[in-house]
Amino acid sequence: MIFARKSFRLLLLPALAAFAITLAAVACGGDDDDENGGAETPSGNGGGLTTYNVLMNEKRGNVFEIDGEYNPTMKVSAGQEITINLENNGSAIHNMRFGGEDKKYNTKDDAVSKPDIVSPGEEAVLVFTAPSDPGKYIYQCDFHPTDMLGEFEVVK
Ligand SMILES: [Cu+2]
């Protein structure tokens, strides 16, 4: 029996070696294909969008909501006109304010939803031009600034 196992191993080793060489060849071939590595991002803008549909309600205190995600970080494309469609499906008044390039509220580069007071059952729209510098920028609801706040992530 021992003898039989030995001969089996003798057959197996060359097979393993051949397999290893094949793997190495495949790996080397793969390196060439990786040269255009970013090919998985089709538009090349890092997933930035120009339009979002956002709900405003009281599902977890006062929140902005996209598909069950609260106070979402919204990726937007640098330098593009961004449209945030807002719907108040809650029972309090809300709005949305973008802090602008200076990342401060109530300065002249802010953008505020129209109308700037959105009653229950009403819709509004926030339009602004995304900063050209990639990074994180802030938004809030002026009526619930400690609960309803989040970020726009500007990507190239
Ligand atoms: Cu609010």
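The shown structure was predicted, so the numbers you read here are calculated from the model rather than taken from an experiment. In this chain, residues are counted from 1 in sequence order. Numbering of ligands and ligand atoms starts at 1, following listing order.
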> Strictly by modelled atom types, are D142 and Q140 linked by a side-chain donor-acceptor pair under 3.5 Å?
Replying inline: yes

> Hey, is there an N, O or S on M148 sitting under 2.8 Å from the Cu ion (ligand 1)?
Replying inline: yes

>> Angle between ring planes, H144 versus H94, binned at 30° and 60°: parallel, tilted or perpendicular?
In response: tilted

> Closest N/O/S atom of H144 to the Cu ion (ligand 1), by atom name?
Replying inline: ND1

>> Just to confirm my numbers, could you give the angle made at the Cu ion (ligand 1) by ND1 of H94 and SG of C141, rounded to 10°?
In response: 140°

> So, K136 side chain and T73 main chain: donor-acceptor pair closer than 3.5 Å or not?
Replying inline: no

>> Which label fits F64 and Y139: parallel for a plane angle under 30°, tilted from 30 to 60°, or perpendicular past 60°?
In response: perpendicular

